[in-house]
Amino acid sequence: MTDKFYEELVREVNEDFAARREMRRPYELVWQLNMNFLMGNQFCNVSGKGEIEQDEKYFYWQEREAYNHIAPIMETRIAKLERIRPKMTVMPSSSNEDDIKAAQVSDKILTATEESVNLPQKISQATAWSETCGTAFYKITWDGAKGKKLGVSADGKSVFEGDIDVSVCPPFEIYPDSNVTSTVDECESIIHAKAYSVQEVKDVWGAEVKGKDLRIFALDGANIGGYGYNTTVPNVVSQCKHGQVMVIEKYERPSVKYPNGRLVIVAGDKLLYCGDLPYINRENGERGFPFVRQQSQTAAGCFWGTSIIERLIPIQRSYNAVKNRKHEFLNRIATGVLTVEDGSVDVDNLSEEGLSPGKVLIYRQGSEAPKIMDCGSIPSDFLAEEERLINEFMVISGTSELSRNSATPTNVTSGVALNLLINQDDARLAATSGEIRNAVKETAQMILRLFRQFALTPRFAKIVDDDKSVKSFYFTADDVVSDKVILDTQNEVNDTVSEKRSMMFDLLSRGVFYDKDGKLSESIKLQILKLAGFSNWADAQPLSTLHRNRAEEENLILLDRASEPIEIDDDELHLDEHIRFLLTDEGKKLNKEQTDRVLAHIAKHKSKLKEKASE
């Protein structure tokens, strides 16, 4: 390909990016307005020029204070959504024992990767963006500069084994080819545009580019306040940043012309990369976009989701107007409005000093004395409208007084009614929590597919097991047989720690955990201690737990060879574990030779028990 072809390609990508940016402009203004209202800058609007502008005061005495109800509503929603940390499990590709073991290895890979990329923090970041703007994106890529160092190349550069990289992309960075596609995979192409410094471009892509001034979103101060005072709140504005370059990554999905898709990376007037889509991250070994979308509220037939803030903005504006007019009325009552006959007093002095206590007011002889106008009392309509708007906040947002204020409604005293309120609040979050789970599931599938593509040499990883022991393992791409990820169906929004503890104590009082002799087993005691918050006590393993662990180890040994009981074994506990092992699905898969070894070992424990009983 000639230099002219590359120059034409760079020009096409830049023109395409400019067209998409203009096409997405209305959505961008909505996101910027949402961010302003969330931060407390609630006296702004979208002007006819397509920009966010501040509303100015009409009069110097005008009250213009923001009474932010959007922020606590969003904090409540995000706090509930923070509980969603679904446990990912890999489904075996078949019932074959080798496939089951391979699926277990994939489970461990996901657990280790979740810790290495700090996935919980990434979910929190994406949730904050999706709740504010309606949409957020995960970008799952392979970073060749991460992982263990393997050596040094011929040109003196360090060579690493590479590792997964998961980053969160705000909606401001993503530009689809159409705003009316329903999913990411339906797009013909997607552009990821992000501003980098000139040095970053050189370090990552090795290209020398010229920096220029770029418009970015930043925080500024906006003045609000009332009669005689001003306050400053954060204001999301577009500012100019120097020495930057916009790096445009255009991903095109596979087509007849490009069977493996195409990725074109442009910075300014330079082409940084042009080639196939780098990642085999779709089913059946197909290549696709490295993006996963997470929405707050799905908008039918639209690529972008919607935020609850968009519905709350009109109510917030009305509420601010009512509160400010109410305070203006109180100012008139408290400060007073003087009526003065023309020429009877020094109006300038009276305007500057007012009616201070002890003031001597001189007025012209024969004229009428100044007096304070009767402003009446605050109309009851103000109070009624304020209460109605508070109720509208709760209706529109789906957060009741119970969840927002941690206060029981005055007209609700029944425990059943309180539970219904809690369930109704959680039901409003069902769609959003489902979006988060689906995004995490798709992210996990992409992670496994990238390991299958790039983990060509044995890789070392560690996980922390349920008993808090560190387990190490090696894996390669061949171990990733299945990428079918399923999620735990448990609803984390409803099941809080306090609710689990309450249910546990209720079951304990009803005797559910006791055996036929009316005693609690050691394992049940440990689980109760952990759920009650005494994990340190539970970690001090009793002797019975150690015996059970040894019996489980013997079960694995008996699969290959015979094993003899030792003198210190608790034969009753060992018998329980060995018999339980034979009755499980794993025990049913044993061949005759393995089963005979386990039965012979059980017989030896029984023989020891008979000897002790006869003594």
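Residue numbers start at 1 and run along the sequence shown. What you are looking at is a predicted structure, and each value in this text was computed from that prediction instead of being measured.
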S.K.: Find out whether Arg459 and Thr476 are in side-chain contact, i.e. whether some heavy atom of one side chain is under 4.5 Å from a heavy atom of the other.
M.R.: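 No, their side chains stay 4.5 Å or more apart.
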S.K.: Looking at the rings of Trp31 and Phe172, which for Trp means the six-membered one, are their centres under 6.0 Å apart?
M.R.: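 Centroid distance Trp31-Phe172: below 6.0 Å, so yes.
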S.K.: Any donor-acceptor pair under 3.5 Å linking the side chain of Glu442 with the backbone of Val292?
M.R.: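 Judged by distance alone, no pair lies under 3.5 Å.
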S.K.: Roughly how far apart are Ser296 OG and Met74 CE, rounded to 0.5 Å?
M.R.: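 It is 6.5 Å, given to the nearest 0.5 Å.
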S.K.: Please determine, by modelled atom types, if Ser106 and Arg452 share a side-chain donor-acceptor pair under 3.5 angstrom.
M.R.: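 Result is no, nothing qualifies.
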S.K.: Under 4.5 Å between any side-chain heavy atoms of Val266 and Asn14, yes or no?
M.R.: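 Val266 reaches Asn14 side chain to side chain.
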S.K.: What is the distance from atom CG of Asp163 to atom NZ of Lys148, rounded to the nearest 0.5 Å?
M.R.: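 NZ of Lys148 is found 12.0 Å from CG of Asp163.
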S.K.: Within 45 degrees of the ring normal and closer than 6.0 Å to the centroid, is that where the cationic atom of Lys139 sits relative to Phe137?
M.R.: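 Lys139 over Phe137 ring: no.
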S.K.: Is the shortest side-chain N to carboxylate O distance from Arg311 to Glu392 below 4.0 Å?
M.R.: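 Judged by the 4.0 Å cut-off on N to carboxylate O distance, Arg311 and Glu392 do not form a salt bridge.
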S.K.: Between Lys250 and Asp16, does a side chain to side chain contact (heavy atoms under 4.5 Å, CB included) hold up when you go through it step by step?
M.R.: CA-CA 10 Å; Lys250 184 177 181 180; Asp16 188 17; 2.9 Å; yes
S.K.: Compute the ring centroids of Phe291 and Tyr138, then answer whether they are less than 6.0 Å apart.
M.R.: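 They do not qualify: ring centres at least 6.0 Å apart.
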S.K.: Please report the C-alpha distance between Glu15 and Arg11 in whole Å, then the side-chain angles of each, then the deciding distance to 0.1 Å, and finally whether the salt bridge (charged side-chain N to carboxylate O under 4.0 Å, His left out) criterion is met.
M.R.: CA-CA 6 Å; Glu15 290 179 354; Arg11 186 185 62 80; 2.7 Å; yes
S.K.: Ignoring hydrogens and geometry, is there a side-chain-to-backbone donor-acceptor pair from Thr113 to Leu110 under 3.5 Å?
M.R.: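 Judged by distance alone, no pair lies under 3.5 Å.
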S.K.: When rounded to the nearest 0.5 angstrom, what distance separates CD1 in Ile315 from CD1 in Ile70?
M.R.: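 Spacing of CD1 (Ile315) from CD1 (Ile70) equals 9.0 Å.
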S.K.: If we ignore angles and hydrogens, is there a donor and acceptor under 3.5 Å between the side chains of Asn281 and Glu286?
M.R.: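 No, Glu286 and Asn281 have no side-chain donor paired with an acceptor closer than 3.5 Å.
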S.K.: Would you say the side chain of Arg25 lies within less than 4.5 Å of the side chain of Leu29, judging by non-hydrogen atoms?
M.R.: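 Side-chain contact under 4.5 Å: yes.
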S.K.: Does Lys270 reach the main-chain N or O of Val209 with its side chain, forming a donor-acceptor pair under 3.5 Å?
M.R.: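 No.
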S.K.: Is it true that atom NZ of Lys146 has more than 12 heavy atoms of other residues, nucleotides or ligands lying nearer than 6.0 Å?
M.R.: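 Above 12, so yes.
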S.K.: Is there a donor-acceptor pair under 3.5 Å between the side chain of Arg24 and the backbone N or O of Ile174?
M.R.: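 Between the backbone of Ile174 and the side chain of Arg24 there is a qualifying donor-acceptor contact (under 3.5 Å).
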S.K.: What heavy-atom pair brings Arg253 and Leu277 nearest, and what distance separates the two atoms?
M.R.: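 In terms of heavy atoms, the two residues are closest at CA-CD1, 4.3 Å.
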S.K.: What about Tyr251 and His192, are their ring centers closer than 6.0 Å?
M.R.: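 Judged by ring-centre distance (under 6.0 Å), Tyr251 and His192 do not meet the cut-off.
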S.K.: Tell me if a side-chain donor or acceptor on Gln453 pairs with a main-chain N or O of Pro278 at a distance below 3.5 Å.
M.R.: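 Yes: the side chain of Gln453 pairs with the backbone of Pro278.
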S.K.: I'd like to know if the side chain of Gln199 pairs up with that of Asp203 as donor and acceptor (distance under 3.5 Å, no hydrogens or angles considered).
M.R.: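 Side-chain D/A pair, Gln199 to Asp203: present.
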S.K.: Taking the side chain as every heavy atom from C-beta outward, state whether Gln244 and Lys212 have any atom pair closer than 4.5 Å.
M.R.: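 They are not in side-chain contact.
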S.K.: Are Ile164 and Phe451 close enough that some pair of their side-chain heavy atoms sits under 4.5 Å apart?
M.R.: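 Yes, at least one pair of side-chain atoms sits under 4.5 Å.
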S.K.: Just by distance, no angles: are the side chains of Glu82 and Ser124 close enough, under 3.5 Å, to form a donor-acceptor pair?
M.R.: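 Distance-only check passes for Glu82 and Ser124.
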S.K.: Between Lys323 and Glu65 (salt bridge meaning N to carboxylate O under 4.0 Å), is one present in this structure?
M.R.: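 Salt bridge flag = no for Glu65 with Lys323.
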S.K.: Output yes when Asp185 and Arg282 qualify as a salt bridge under the 4.0 Å nitrogen-oxygen rule, no when they do not.
M.R.: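 Salt bridge flag = yes for Arg282 with Asp185.
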S.K.: Would the distance check show the side chain of Glu200 and the main-chain N or O of Ser197 forming a donor-acceptor pair, the cut-off being under 3.5 Å?
M.R.: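 A pair under 3.5 Å: yes.
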S.K.: State, with a plain yes or no, whether a side-chain heavy atom of Leu9 is found less than 4.5 Å away from one of Cys274.
M.R.: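 Touching, per the 4.5 Å side-chain cut-off.
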S.K.: So Ile447 and Trp142, side chain to side chain contact (heavy atoms under 4.5 Å, CB included) or not? Walk me through it.
M.R.: CA-CA 9 Å; Ile447 289 173; Trp142 184 266; over 6 Å; no
S.K.: Distance-only, no hydrogens or angles: does the Asn320 side chain make a donor-acceptor pair with backbone N or O of Tyr67 under 3.5 Å?
M.R.: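 Indeed, once roles are kept as given, a pair shorter than 3.5 Å links the two residues.
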S.K.: Any donor-acceptor pair under 3.5 Å linking the side chain of Gln32 with the backbone of Glu28?
M.R.: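 Looks like no, no N/O pair under 3.5 Å.
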S.K.: I want to check something: taking the side chain as every heavy atom from C-beta on, are Val152 and Val159 in contact at a cut-off of under 4.5 Å?
M.R.: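 Answer no - side chains too far apart.
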S.K.: Just wondering, do Ile436 and Leu81 contact through their side chains at under 4.5 Å, heavy atoms?
M.R.: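 The answer is yes; the side chains approach within 4.5 Å.
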S.K.: With rounding to the nearest 0.5 angstrom, report the CD to OG1 distance, Gln295 to Thr135.
M.R.: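 Atom-to-atom, Gln295:CD and Thr135:OG1 are 5.0 Å apart.
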S.K.: Charged N to carboxylate O under 4.0 angstrom, Lys4 versus Glu8?
M.R.: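 Not counted as a salt bridge, because no side-chain N and carboxylate O are separated by less than 4.0 Å.
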S.K.: With rounding to the nearest 0.5 Å, note down the distance linking OH in Tyr279 to CZ in Phe289.
M.R.: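 So the gap between those two atoms works out to 14.5 Å.
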S.K.: Starting from the C-alpha separation in whole Å, work towards a yes-or-no answer on side chain to side chain contact (heavy atoms under 4.5 Å, CB included) for Gln125 and Ser167.
M.R.: CA-CA 10 Å; Gln125 293 175 359; Ser167 58; over 6 Å; no
S.K.: Answer yes or no: is there a donor N or O on one side and an acceptor on the other, between the side chain of Gln316 and the main chain of His69, under 3.5 Å?
M.R.: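 Yes, because the side chain of Gln316 sits within donor-acceptor range (under 3.5 Å) of the backbone of His69.
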S.K.: With a 3.5 Å distance limit and no angle check, can you tell me whether Ser433 reaches the backbone of Ala430 through a side-chain donor-acceptor pair?
M.R.: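 Yes, because the side chain of Ser433 sits within donor-acceptor range (under 3.5 Å) of the backbone of Ala430.
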S.K.: Run through Arg77, Gln297, Gln294 and flag the one making a side chain to side chain donor-acceptor pair (under 3.5 Å) with Glu131.
M.R.: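 In the set Arg77, Gln297, Gln294, the residue that makes a side chain to side chain donor-acceptor pair (under 3.5 Å) with Glu131 is Arg77.
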S.K.: Is it true that Gln104 and Asp107 share a donor-acceptor pair across their side chains at a distance under 3.5 Å?
M.R.: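 Distance-only check fails for Asp107 and Gln104.
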S.K.: After noting the C-alpha distance and the side-chain angles of Gln42 and Asn36, does the key distance pass the side chain to side chain donor-acceptor pair (under 3.5 Å) rule?
M.R.: CA-CA 7 Å; Gln42 297 175 350; Asn36 276 288; over 6 Å; no
S.K.: Report the distance from atom CG of Asp165 to atom NZ of Lys122, rounding to the nearest 0.5 Å.
M.R.: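 Going from the CG atom of Asp165 to the NZ atom of Lys122 covers 6.0 Å.
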S.K.: I want to check a possible cation-pi pair here: Arg293 against Phe303, using under 6.0 Å from ring centre and within 45° of the ring axis as the test.
M.R.: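 Ring-cation test returns yes.
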